[in-house]
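Both backbone and side-chain heavy atoms feed into the values below; hydrogens, waters and symmetry mates do not.
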Amino acid sequence: MTSNHLDHSAAPAAGDTSRTGRAASHGKTILIGEHAVVHGAPALVLPVLDAVVVATARPIDAGPVAAHPDADPATGHRLESAVHTGPLDAAPAAVLPTVTAVTATLRHLGVADRHFHVRVDSDVPTARGMGSSAAVAAAVTAAVADALGETLDADTHHELIQQCERIAHGRPSGLDARGVVADAPVWFEDGRVEPVALGAAFTFVVADTGVPGHTREAVASVRDRLERDPVGVRTTIDAIGDRARAARAALERGDAGALGAAMDAAHGLLGDLDVSSDDLDRLVAAARDAGALGAKLTGGGRGGCVLALATDDDHADRVAAALRGAGAAATWTTTIGDRA
């Protein structure tokens, strides 16, 4: 279930002190199941392979980097990123998950006294439901390990990402940590996590409203609605779960039309839970007007992103253009599965 985006250079002998490690991960989005998964329904997580995070890790105490005026081993780790550039011990709170990615990996490998210069280049926007913090953690942990000539096994890598996600989100479900290293949709149900077999290639467009999502607010609102109307809201949650099952079956048999119908229905149900917004609904309508087979909000809602299903790459270009014309701040196109 590991994505080919999570790459490493040819590994040196373990313990090499001059190697620059490199690894990459990608974004993710929820295909169907947001909010309902919090209350026991299944969910499908979709990797967004074209929204990439690349991390490099260079030892500060060895090689040419040691000649850099800012690379004094006594200053500890350094980070170079869009959020913070400078010593890790002076990083703002927003970067604490990245700090954890470095320190937790070094502790795991038994070399906590080593210092690294870490660079992060990310195409994954923050606060958009695309797994930014998990994607950065996935790339940084693997890059630090790679710099030391080590490759993390899948379970260890997942746990290290989860350590970072606990700093970022408190009690992460694990959806993001799985999605940002997968190359196929991932199914979550009753604590079970498994990749989904694909009967065909599927092409999706993700569009950013430009408005940060309000996941905690939306989750709290749904919980409050469930307490006030347990029968009605439970019915909606179960219906979203049914659409997730229908979507999985459609993926497995390669039925894009059925998948699109499940997505459209899920968007309507999420609207019933009051987690959509005018911005999201406008982009969904624009995608459908451009011929998308299905379109819905994705993630926590009340901002964030829209997910649309296209027939092929050319159609995806037209859908993406329509979404940008309707106000999308950015779009990404991603294809999963083998092309015919």
Is the shortest heavy-atom distance from the side chain of [X] to the side chain of [Y] under 4.5 Å?
X: Leu160; Y: Leu152; result: yes
X: Val118; Y: Glu80; result: no
X: Val53; Y: Asp123; result: no
X: His84; Y: Pro92; result: yes

Let me confirm one number: the [atom1]-[atom2] distance from [X] to [Y], rounded to the nearest 0.5 Å.
X: Leu46; Y: Leu309; atom1: CG; atom2: CG; result: 10.0 Å
X: Phe202; Y: Asp312; atom1: CZ; atom2: CG; result: 13.5 Å
X: Leu79; Y: His117; atom1: CG; atom2: NE2; result: 7.5 Å
X: Arg223; Y: Glu227; atom1: CZ; atom2: CD; result: 8.0 Å
X: Trp187; Y: Leu44; atom1: CH2; atom2: CG; result: 5.0 Å
X: Met263; Y: Thr298; atom1: CE; atom2: OG1; result: 8.5 Å

Taking atom [atom1] as the centre, does [X] end up with more than 12 heavy-atom neighbours from other residues, nucleotides or ligands that are less than 6.0 angstrom away?
X: Asp278; atom1: CG; value: no
X: Arg119; atom1: CZ; value: no
X: Arg234; atom1: CZ; value: yes

Which heavy atom in [X] sits nearest to a heavy atom in [Y], and how many Å separate them?
X: Ala41; Y: Gly241; result: CB-CA, 4.1 Å
X: Leu297; Y: Gly299; result: CD1-O, 3.7 Å
X: Leu323; Y: Leu283; result: CD2-O, 3.2 Å

Between [X] and [Y]: side-chain donor-acceptor atoms closer than 3.5 Å:
X: Asp281; Y: His267; value: yes
X: Ser132; Y: Thr126; value: no
X: Arg302; Y: Ser221; value: yes

message = Using the salt bridge (Lys or Arg N to Asp or Glu O under 4.0 Å) criterion, which residues pair with Arg253? Sequence neighbours excluded.
response =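 In terms of salt bridge (Lys or Arg N to Asp or Glu O under 4.0 Å), with neighbours along the sequence ignored, Arg253 is linked to Asp255.
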Is the His77 ring parallel, tilted or perpendicular to the His115 ring (thresholds 30°, 60°)?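 Perpendicular, since the angle between the ring planes exceeds 60°.
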**Report entry** Polar side-chain atom of Glu165 near backbone of Ala134 as donor-acceptor pair, under 3.5 Å
**Finding:** yes
Could you tell me whether a side-chain N or O of Arg243 sits under 3.5 Å from a main-chain N or O of Ile32, the two making a donor and an acceptor?
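It does not hold such a pair.
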Report task. Applying side-chain hydrogen bond (donor to acceptor under 3.5 Å, both in side chains), run through Asp153 and Thr156 and close with a yes or a no. Result -> CA-CA 5 Å; Asp153 63 72; Thr156 298; 3.0 Å; yes
Quick one: do Asp224 and Arg228 make a salt bridge, cutoff under 4.0 Å?
-> yes
Check: Do you know which of Val180, Leu49, Thr334, Val124 makes side chain to side chain contact (heavy atoms under 4.5 Å, CB included) with Lys28?
Finding: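 Considering Val180, Leu49, Thr334, Val124, a side chain to side chain contact (heavy atoms under 4.5 Å, CB included) with Lys28 is found only for Val180.
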